[in-house]
There are 2 protein chains.
Amino acid sequence: MHWVRTAKQPRSRRTLGRLLDAAEELISEKGIDDTTVADVAARAGCSVGAFYHHFRDKGALLRVLLDRLGQEFRETMRAAVDPKRWEGATIAEILEAYLQFSIEMGRERAGLQRAKLALALRDPAFGEEVFELQRELGARLRELLLARKREVAHRDPSLAIDFALEQLRSMLMMRLDGDLLRTGLDSTTDADFVREAIASVCAYMKIPPPPEPEYLR
Amino acid sequence: MHWVRTAKQPRSRRTLGRLLDAAEELISEKGIDDTTVADVAARAGCSVGAFYHHFRDKGALLRVLLDRLGQEFRETMRAAVDPKRWEGATIAEILEAYLQFSIEMGRERAGLQRAKLALALRDPAFGEEVFELQRELGARLRELLLARKREVAHRDPSLAIDFALEQLRSMLMMRLDGDLLRTGLDSTTDADFVREAIASVCAYMKIPPPPEPEYLR
DNA sequence: ATTATCTATAGATCTATAGATAATGC
DNA sequence: ATTATCTATAGATCTATAGATAATGC
């Protein structure tokens with residue numbers, strides 16, 4: 001038997017689905033540690049025994065849930081940073097799309113993402129896997145920007161690109177995962193945030209900012 | 001009886017001290033959840049019973065440990081942002097000192113800070129208390145900068161100040177707490193990081209940057 | 001006959017306490 | 001006499017399993 005049993009009967013598939021949905025809800029609400037197997041079974045309307053018929057152990061449930069999340073992210077991300085897609089685009093345009101893409105992804109299933117992050121921070125082996133994706137996104141973005149480094153007037157263009165990416169990544173993380181780390185900025189809209197963030201990295205790298213939106217003129 | 005017993009005998013004070021030290025070490029290494037009362041007692045060289053003679057419960061231990069940390073932070077922080085201290089200083093100078101101060105504080109007892117953050121994220125009541133200090137630091141910095149907003153050439157100086165503070169805060173958090181969230185930047189030194197961060201917010205707010213250090217000329 | 005589910009419970013792991021024993025200081 | 005410590009264990013909380021019972025599909 002593997003991590004998760006491949007169901008053969010429709011009834012079983014329904015139960016499996018309900019277990020996964022229940023787990024996702026509960027983990028989003030309370031985090032992984034405070035979600036017990038009994039909780040999950042209860043919300044799915046089945047017994048603890050049924051749970052263990054489907055999953056080898058509690059870890060298997062997490063694995064299925066988080067793998068699914070990771071896979072979705074991987075696919076969307078790879079499509080988003082495809083160099084062909086960005087032929088002719090400027091640094092500012094690429095970074096703006098990066099911010100919008102990340103905000104969109106992060107707002108969906110925020111609770112589950114948070115749990116994933118918490119688990120990754122605790123379990124180094126699992127963390128490797130998660131951060132691998134983050135690194136891949138970073139690396140691909142970096143390539144896109146490095147190919148355009150003649151736009152950058154900073155003394156050390158590569159360093160400037162790395163720094164700008166780190167700036168955006170940090171601010172995104174705080175804005176998306178740090179619900180509780182409230183700040184003076186949480187009254188701004190996502191649109192304002194994106195505009196200022198882009199203005200900031202453009203000013204830093206000394207590249208032309210995108211045109212101001214009309215409503216500000 | 002309160003949270004913690006006030007010891008009357010020297011032997012008892014020594015035990016209390018050893019318990020606190022042991023707890024700080026273990027929590028720094030493994031986090032709060034993976035540190036059991038038995039662990040703490042063992043490392044302190046006493047029994048679980050002795051532990052409970054000193055602390056009402058496990059929560060009392062955390063409270064003492066983290067309160068102590070918070071108190072130190074509060075005092076240092078208040079001294080650091082005293083307006084008198086900054087009379088005649090520019091925005092760039094203030095922000096540079098903020099970065100250096102935060103990096104210094106954060107590097108000390110990093111593990112414990114991390115545990116504090118984790119607990120704050122989980123327990124909203126405790127979180128309130130922790131983030132109160134963060135907010136206070138933010139608010140005082142904000143005042144210092146707002147008093148100098150004529151330096152700022154951004155369309156909306158208040159917004160720019162808020163954004164710049166959020167940028168620095170986010171980057172600090174990632175750099176200090178995010179040991180595991182590795183990035184393209186972790187090969188840079190703290191000094192490089194501070195220099196580029198200041199260059200970035202200065203460019204964004206359109207204020208004169210501090211002079212370049214000699215070694216770069 | 002096979003697959004899925006349920007009930008009941010063993011086993012592990014922690015927190016916290018009770019009661020006995022030892023050390024301390026008047 | 002009071003304070004501090006130890007040993008042993010109760011009680012709570014979870015994960016995981018065993019064995020009985022029910023549903024499904026050939």
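Each chain gets a letter, A, B and so on, in the order its sequence line appears, and its residues count up from 1.
Residues Met205(A) and Phe163(A) form no side-chain contact, since every pair of their non-hydrogen atoms from C-beta on lies 4.5 Å or further apart.
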Bracket notation of DNA chain C in which parentheses pair within the strand, [ ] cross earlier pairs, and | pairs with another strand (Watson-Crick or G-U, under 3.5 Å):
||||||||||||||||||||||||..
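Checked against salt bridge (charged side-chain N to carboxylate O under 4.0 Å, His left out), Glu29(A) has the following partners two or more places apart in sequence or in another chain: Arg43(A). Evaluation of the ring pair (Phe, Tyr, Trp, His ring centres under 6.0 Å) rule for Phe51(B) yields Phe55(B) as partners, not counting sequence neighbours. In terms of the salt bridge (charged side-chain N to carboxylate O under 4.0 Å, His left out) criterion, residue partners of Glu132(A) (sequence neighbours excluded) are, by chain and number, Arg135(A). Applying the side-chain contact (heavy atoms from CB on, under 4.5 Å) criterion to Ala38(B), with sequence neighbours excluded, gives Thr36(B), Val48(B). Residues meeting the side-chain contact (heavy atoms from CB on, under 4.5 Å) test with Ala199(A), sequence neighbours left out: Tyr204(B).
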Quick one: what's the B/S/- string for nucleotides 5-18 of chain C, heavy-atom cutoff under 4.0 Å, read 5' to 3'?
BBB------SSBB-
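Residue pairs meeting the side chain to side chain donor-acceptor pair (under 3.5 Å) criterion with at least one member in residues 73-86 of chain B, sequence neighbours excluded, are Arg78(B)-Glu136(B).
Rounded to an integer number of Å, the gap from CZ of Arg5(A) to P of dT3(C) is 8 Å.
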Ignoring hydrogens and angles, write down the donor-acceptor pairs under 3.5 Å from the side chains of residues 60-71 of chain B, residues two or more places apart or on other chains.
{"residue": "Arg68(B)", "atom": "NH2", "partner": "Glu24(B)", "partner atom": "OE1", "Å": "3.4"}

